[in-house]
Amino acid sequence: MSNLFLENLFPDNGWKEVLKEEFKKDYFKELSEKIEEKYLNEVVFPPKEDLFNAFKYTDFNDVKVVILGQDPYHEKGQAHGLSFSVKEGVKLPPSLRNIYKEIKEETGVDNLSEKESGYLKKWADSGILLLNTILTVKEHEALSHKNLGWEKFTDAAIKALNDSDRKVVFILWGNHSIKKNGMITNENAFVLTGAHPSPLSAYRGFFGCMHFRDAKNFLEDNGISGIDWEI
């Protein structure tokens, strides 16, 4: 096996330049070998061609909003490399359904009224980085790829955005994501924290959070347009 497995899958865009030093580090070489082995011996989601879609669809230089998830959906046909998103034709996961409900309450945008698509590529294309902190998972086993090294890599991506000194909104839902708040020291960043949209916690502060309205208003107040919560 080659420790270039993950590097060869990574998109050749602004992110590759920003994260190039990570590819040289021992942890990343070890991670690459582990993930290559898991794709060979387990059912792993997302498919490897979708693994880095968050970076592929939202170039480093285009990031306006970061929505941070934990790890990919772990059932067949769901995960495709964007946090909270599912492929066309896949039933909406409960957390995403709650996200849509909150968007409607805050902005009037109704993503539930017609086709009920959970495919969020339009958001990614518009500058919303839909990033999980862990980028792979074994089928049926949530958090099965925790502590393999993904957290160090995605922390490096968050740090790169923090160091860029740009107006970026970070949306952190749930304790896992909120722990990343301490990494965000840039005074130009706008950090929104709250309960996770999961049915287990949405009524403890996610509903009524006003994060979608506040994110859009912050960017527009700073002359940054292009965020549309309609999918």
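As the structure is a computational prediction, the values presented were derived from the model and not from experiment. Numbers here are sequence positions counted from 1.
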Cluster question for you: counting only ILVMFWY and a side-chain heavy-atom cut-off of under 4.5 Å, with indirect links fine, are Met183 and Leu129 together? yes
For the pair Phe23 and Phe10, name the ring-plane relationship: parallel under 30°, tilted 30 to 60°, perpendicular over 60°. perpendicular
Are Tyr57 and Pro11 packed together at the side-chain level, in the sense that at least one heavy-atom pair is separated by less than 4.5 angstrom? no
Establish, yes or no, whether the cationic atom of Arg213 lies under 6.0 Å from the six-membered ring centre of Phe218 and within 45° of the ring axis. no
Look at Asp110 together with Lys101 and state whether they make a salt bridge at an N to O cut-off of under 4.0 Å. no
Are there more than 12 heavy atoms of other residues, nucleotides or ligands under 6.0 Å from atom NZ of Lys16? yes
Salt-bridge criterion met for Glu22 and Lys25 (N-O under 4.0 Å): yes
Heavy-atom nearest pair, Pro72 first then Pro46, reads CG-CD, 4.0 Å
Would you say His176 and Thr133 are linked by a side-chain donor-acceptor pair, where the criterion is simply a distance under 3.5 Å? yes
Within 6.0 Å of NZ in Lys180, more than 12 heavy atoms from elsewhere: yes
Exactly one of Asp165, Asn222, Asn162 clears side chain to side chain donor-acceptor pair (under 3.5 Å) with Asn188, and that residue is Asp165
Students often mix this up, so state it plainly: with edges at 30° and 60°, are the rings of Tyr119 and His80 parallel, tilted or perpendicular? tilted
Check Ile227 against Val65 and note the closest heavy-atom contact, atom names and distance. CD1-CG2, 4.1 Å
Evaluate the side-chain proximity of Leu130 to Thr58: yes if any heavy-atom separation is below 4.5 Å, no if none is. no
When every non-hydrogen atom of Lys87 is compared with those of Ala79, the smallest separation belongs to CE-O, 4.2 Å
Centroid-centroid under 6.0 Å between Trp123 and Phe84 rings: no
Hydrophobic clusters here meaning ILVMFWY residues chained together by side-chain heavy-atom distances under 4.5 Å, can you tell me if Ile184 and Leu192 are in one? no
Does a salt bridge link Arg97 with Glu116, judged by any charged N lying under 4.0 Å from a carboxylate O? yes
Does Glu220 come within less than 4.0 Å of Lys216, counting only side-chain N to carboxylate O? yes
Among Trp15, Tyr27, Phe28, find the one that has a ring-ring contact (aromatic ring centres under 6.0 Å, His included) with Phe153. Phe28
Distance in Å, Leu51 CG paired with Leu6 CG, rounded so as to fall on 0.5 Å steps: 6.5 Å
Is there a side-chain contact between Val66 and Ile171 (heavy atoms, below 4.5 Å)? no
Do His145 and Thr136 pair up side chain to side chain, a donor and an acceptor below 3.5 Å, judged on atom types alone? yes
Quick one: CG on Asn132 to CD on Glu151, what's the gap to the nearest 0.5 Å? 11.0 Å
Looking at OH of Tyr100 and CG of Asn111, how far apart are the two atoms once the value is rounded to the nearest 0.5 Å? 5.0 Å
Closest non-hydrogen atoms of Leu31 and Leu148, given as atom of the first, atom of the second and distance, are CD1-O, 3.6 Å
Pair Lys159 + Asp155, salt bridge at N-O below 4.0 Å: no
Check: His140/Glu75 side-chain N/O donor and acceptor closer than 3.5 Å: yes
Work out which heavy atom in Glu230 is nearest to a heavy atom in Val109; give both atom names and the distance. CA-CG1, 3.5 Å
If you draw a 6.0 Å radius around NZ in Lys48, do more than 12 non-hydrogen atoms from other residues or ligands fall strictly inside? no
Would you call Asn41 and Lys138 a side-chain contact if the rule is heavy atoms closer than 4.5 Å? no
Between the side chains of Asn217 and Asp214, is a donor N or O closer than 3.5 angstrom to an acceptor N or O? no
Rounded distance [0.5 Å steps], CG in Asp50 versus CG in Leu135: 12.0 Å
Can any side-chain N or O of Ser201 pair as donor or acceptor with the backbone N or O of His196 at less than 3.5 Å? yes
Tell me if the NZ atom of Lys167 is crowded by more than 12 foreign heavy atoms within 6.0 Å. yes
